[in-house]
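This is a predicted model, so every value here is computed, not measured.
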There are 2 protein chains.
Amino acid sequence: MYAEPACESTLSMPTPSRWPVVPIEPAVREAAPRPAPRCSACSLRPACMPPDLTSSELQQLDTVVLTTRNVRRGETLFRAHDPFQSLYAVRTGSFKTIVMHRDGREQVTGFQIPGEPLGLDGVCSGTHSCDAIALEDSTVCIIPFVQLETFCRESRRMQRHLYQLMSGEIVRESSLMMLLGTMTAEQRLAAFLLDLAARFQKRGYSGAHFNLKMSREEIGCFLGMKLETVSRMFSRFQREGLVEPNGKQIRIVDLEGLARV
Amino acid sequence: MYAEPACESTLSMPTPSRWPVVPIEPAVREAAPRPAPRCSACSLRPACMPPDLTSSELQQLDTVVLTTRNVRRGETLFRAHDPFQSLYAVRTGSFKTIVMHRDGREQVTGFQIPGEPLGLDGVCSGTHSCDAIALEDSTVCIIPFVQLETFCRESRRMQRHLYQLMSGEIVRESSLMMLLGTMTAEQRLAAFLLDLAARFQKRGYSGAHFNLKMSREEIGCFLGMKLETVSRMFSRFQREGLVEPNGKQIRIVDLEGLARV
DNA sequence: CGGTTAGTTGAGAAAGCTCAACAGATGTGG
DNA sequence: CCACATCTGTTGAGCTTTCTCAACTAACCG
């Protein structure tokens with residue numbers, strides 16, 4: 001999400017569909033799984049898979065991850081209560097995950113950018129517990145869970161990787177709880193921008209200048225505050241010379257200052 | 001924690017230590033691992049392990065979980081930055097897990113009662129990311145992670161169980177984020193008491209009458225509010241006839257009312 | 001080029017925090 | 001076993017942060 005890095009644009013180029021029978025029309029192409037460019041050749045593999053797979057493991061991985069799926073902006077990849085079949089890895093674009101209370105209140109529990117996993121919530125009950133919604137036109141790789149389990153019984157590296165992925169999600173959520181439980185609105189937004197900057201940097205994009213794909217309301221819903229407060233905090237950061245916000249374009253001017261907030 | 005159920009008291013009876021060499025003295029006995037009563041015979045197994053293990057799987061489980069450890073009230077089972085070696089299952093007593101910010105602010109991320117897991121945060125980086133502190137004198141089973149991984153490659157049931165355990169933790173934390181992000185202080189305390197009641201009921205204790213082992217401050221630190229606010233909310237619930245709090249003794253009078261808050 | 005949505009800003013209201021006093025419970029040493 | 005010190009919990013008063021409601025502007029879309 002956020003940035004539009006030229007270097008990834010090839011990933012979002014439409015691939016000819018080999019989905020059986022179904023005629024290739026926009027409405028269909030959008031929902032239809034399609035052959036995945038192979039993991040073994042994927043530029044996102046370092047972000048997504050263990051670094052040290054052998055070539056035979058890579059080969060087997062290619063037989064597990066066979067398809068991708070396109071999700072248009074605003075559409076759901078899965079919803080709460082959907083049966084859980086597969087994990088997903090964001091390939092292009094970006095998503096938000098939300099949990100909904102019965103009374104309609106919703107909480108954004110995360111934003112996912114390319115290379116990041118989706119669907120881990122579904123393992124425990126066999127049913128998804130949140131909605132995953134595309135923030136822009138996006139693509140995901142589909143990882144059928146039963147096949148992945150089999151693979152993990154045969155490959156220690158892959159087994160360990162999946163455990164680490166899930167544990168990482170647990171740790172990420174703990175620090176989010178810390179954010180929601182102990183920080184002021186100002187500190188939350190600063191922490192959010194710093195986290196974003198770090199994730200971009202890690203992927204080789206600029207950590208200082210990016211493009212938010214989510215609205216002020218979605219940021220607020222993630223950080224536990226109202227959109228007006230988000231907006232005020234952006235203005236405050238601008239006044240203090242920490243950040244140069246221009247709508248969804250964000251330029252971080254003073255990284256250390258932001259960290260000190 | 002909370003309740004002192006007579007039915008579990010046998011679990012906390014001291015077992016003769018066979019820890020090699022070390023003389024049996026209080027200071028030592030408290031820290032020393034000791035032989036675990038076997039999983040195959042454990043009354044907590046339904047809460048802790050998959051329900052459908054074969055007898056050969058049970059036998060193998062007994063070779064993985066060989067020891068327990070006692071932790072005195074206020075002491076840590078592990079700390080953030082400790083190397084990760086093992087998962088733990090609470091056997092008797094109760095724990096809190098906390099994440100600490102560099103500036104000293106801390107957030108309680110969970111309370112664990114018998115049958116619940118500890119240490120899943122350590123898998124992702126090989127280092128624990130939180131402190132686990134005993135709320136009362138407690139015992140845990142020690143589950144060496146490398147052996148568990150081996151077991152999971154051999155047993156689908158166990159493999160699936162560990163995935164479910166971790167995913168369950170992810171889902172639990174999401175709903176906590178929802179709580180912290182969208183609810184009022186009153187709603188948070190109500191949700192907390194209801195969650196507690198449900199967990200007790202599930203273990204066969206009274207869901208309507210229990211004994212909190214954590215302080216008002218710890219509750220506040222978990223729910224993202226100050227201890228004074230926790231205390232005021234307890235008083236409010238009492239005035240409204242929902243809960244009969246008597247210090248740490250809690251009696252839930254009107255479960256539906258509490259759910260409606 | 002209207003109509004709609006997203007973002008900014010202000011003013012007043014409300015929830016929760018801080019500080020402070022006090023009461024009960026708990027623990028400790030004489 | 002009591003007296004004293006220390007924690008833990010409760011309650012009140014005033015203050016701060018954030019929310020709510022409202023007006024307005026800019027950007028986007030058909």
Side-chain angles (χ1 to χ4, degrees), chain A residues 1-2 4 72-74 96 105-108 133 135-137 179-193 211-240 243-251 261, chain B residues 1-2 72-74 96 104-108 133 135-137 179-193 211-240 243-251 261:
Chain A
M1 70 183 147
Y2 328 122
E4 253 115 16
R72 288 265 182 85
R73 181 193 159 124
K96 65 173 175 179
R105 256 183 324 214
E106 59 182 64
Q107 168 77 26
V108 173
I133 301 172
L135 293 174
E136 58 193 305
D137 293 357
L179 179 143
L180 291 169
T182 74
M183 296 187 180
T184 64
E186 189 179 27
Q187 294 171 325
R188 290 179 205 193
L189 187 60
F192 172 69
L193 293 174
N211 191 349
L212 301 175
K213 290 296 180 192
M214 72 291 283
S215 67
R216 298 289 190 263
E217 171 144 43
E218 285 164 329
I219 296 173
C221 200
F222 179 59
L223 298 178
M225 59 213 217
K226 293 292 150 191
L227 67 300
E228 293 97 328
T229 308
V230 176
S231 184
R232 282 183 236 278
M233 293 306 146
F234 268 123
S235 303
R236 183 184 297 182
F237 287 158
Q238 183 167 32
R239 244 178 292 123
E240 290 168 354
V243 170
E244 206 60 65
N246 194 293
K248 306 215 178 221
Q249 297 277 354
I250 303 292
R251 177 182 299 282
V261 164
Chain B
M1 71 184 144
Y2 328 122
R72 288 263 183 87
R73 181 194 157 124
K96 64 173 176 180
R105 257 182 323 214
E106 58 182 65
Q107 169 76 26
V108 173
I133 301 171
L135 293 174
E136 58 193 304
D137 293 358
L179 178 142
L180 291 168
T182 73
M183 295 187 181
T184 65
E186 188 179 28
Q187 292 171 325
R188 291 179 203 193
L189 186 60
F192 172 69
L193 293 173
N211 191 349
L212 301 175
K213 290 295 179 193
M214 72 291 281
S215 67
R216 298 288 190 263
E217 170 144 43
E218 287 165 328
I219 297 173
C221 200
F222 179 59
L223 297 177
M225 59 213 216
K226 295 289 148 188
L227 67 299
E228 293 97 328
T229 309
V230 176
S231 184
R232 281 183 235 278
M233 292 306 146
F234 268 123
S235 303
R236 184 183 296 182
F237 286 158
Q238 183 166 32
R239 243 178 291 124
E240 290 169 354
V243 170
E244 207 59 66
N246 195 292
K248 306 213 178 226
Q249 298 276 355
I250 303 292
R251 178 181 299 282
V261 163

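- If you take CG of B/L180 and C1' of C/dA15, they are 16 Å apart, rounded to a whole angstrom.
- Using a distance-only test at 3.5 Å, with no hydrogens or angles considered, no donor-acceptor pair links the side chain of B/E244 to the main chain of B/I250.
- Within the nucleic acid shown, A/S231 comes within 4.0 Å of at least one base atom, counting heavy atoms only.
- Distance A/L227 CG to C/dG7 C1': 8 Å, rounded to the nearest Å.
- The phosphate of C/dT9 (OP1 or OP2) has no side-chain N or O of A/R232 nearer than 4.0 angstrom.
- B/E218 contributes atom CD, which lies 12.0 Å from atom CG of B/L223 (distance to the nearest 0.5 angstrom).
- Taking atom CG on B/L223 and atom P on C/dC17, their separation rounds to 11 Å, with Å as the unit.
- In the set C/dT9, D/dT20, D/dT18, C/dT9 carries the atom at the smallest distance from any side-chain atom of A/S235.
- Among C/dC19, D/dT18, C/dG7, the nucleotide with an atom closest to any side-chain atom of A/K248 is C/dG7.
- If you find the closest nucleotide of DNA chain D to A/E228 and to A/N246, the one lying nearer the 5' end belongs to A/E228.
- If you take CD of A/Q249 and P of D/dA27, they are 12 Å apart, rounded to a whole angstrom.
- At a cut-off of 3.5 angstrom, counting only N and O atoms as typed in the model, there is no donor on one side facing an acceptor on the other between the side-chain of A/R188 and the base of D/dT17.
- Each of C/dG10, C/dG16, D/dT18 was ranked by its minimum atom distance to the side chain of A/T229; first place goes to D/dT18.
- When atom types are taken as modelled, the side chain of B/R188 and the backbone of B/M183 share a donor-acceptor pair closer than 3.5 angstrom.
- Other residues, nucleotides and ligands contribute at most 12 non-hydrogen atoms within 6.0 Å of the CZ atom of B/R73.
- Taking only distance into account, the side chain of B/E217 never meets the base of D/dC7 through a donor-acceptor pair shorter than 3.5 Å.
- One interatomic measurement links the two molecules: CD of B/Q238 to C1' of D/dG9, which rounds to 13 Å at whole-angstrom precision.
- With D/dT20, C/dG16, C/dG7 as the candidates, the nucleotide lying closest to the side chain of A/S215 is C/dG7.
- In this structure, the nucleotide among C/dT8, D/dG9, D/dT11 sitting nearest to the side chain of B/R216 is D/dG9.
- Residues B/R73 and B/G224 each lie close to DNA chain C; by heavy-atom proximity, the contact nearer the 5' end of the strand is made by B/G224.
- The CE atom of B/M233 sits 13 Å away from the C1' atom of D/dT11 (whole-angstrom rounding).
- In A/R105, the CZ atom is crowded: over 12 heavy atoms of neighbouring residues, nucleotides or ligands sit closer than 6.0 Å.
- Protein atom CD1 of A/I219 is 14 Å distant from nucleotide atom C1' of C/dT8, rounded to whole Å.
- Here C/dC17 is the nucleotide among C/dC19, C/dA11, C/dC17 with the atom lying nearest to any side-chain atom of B/M225.
- For the pair B/I250 CD1 and D/dG9 P, the computed distance is 10 Å after rounding to whole Å.
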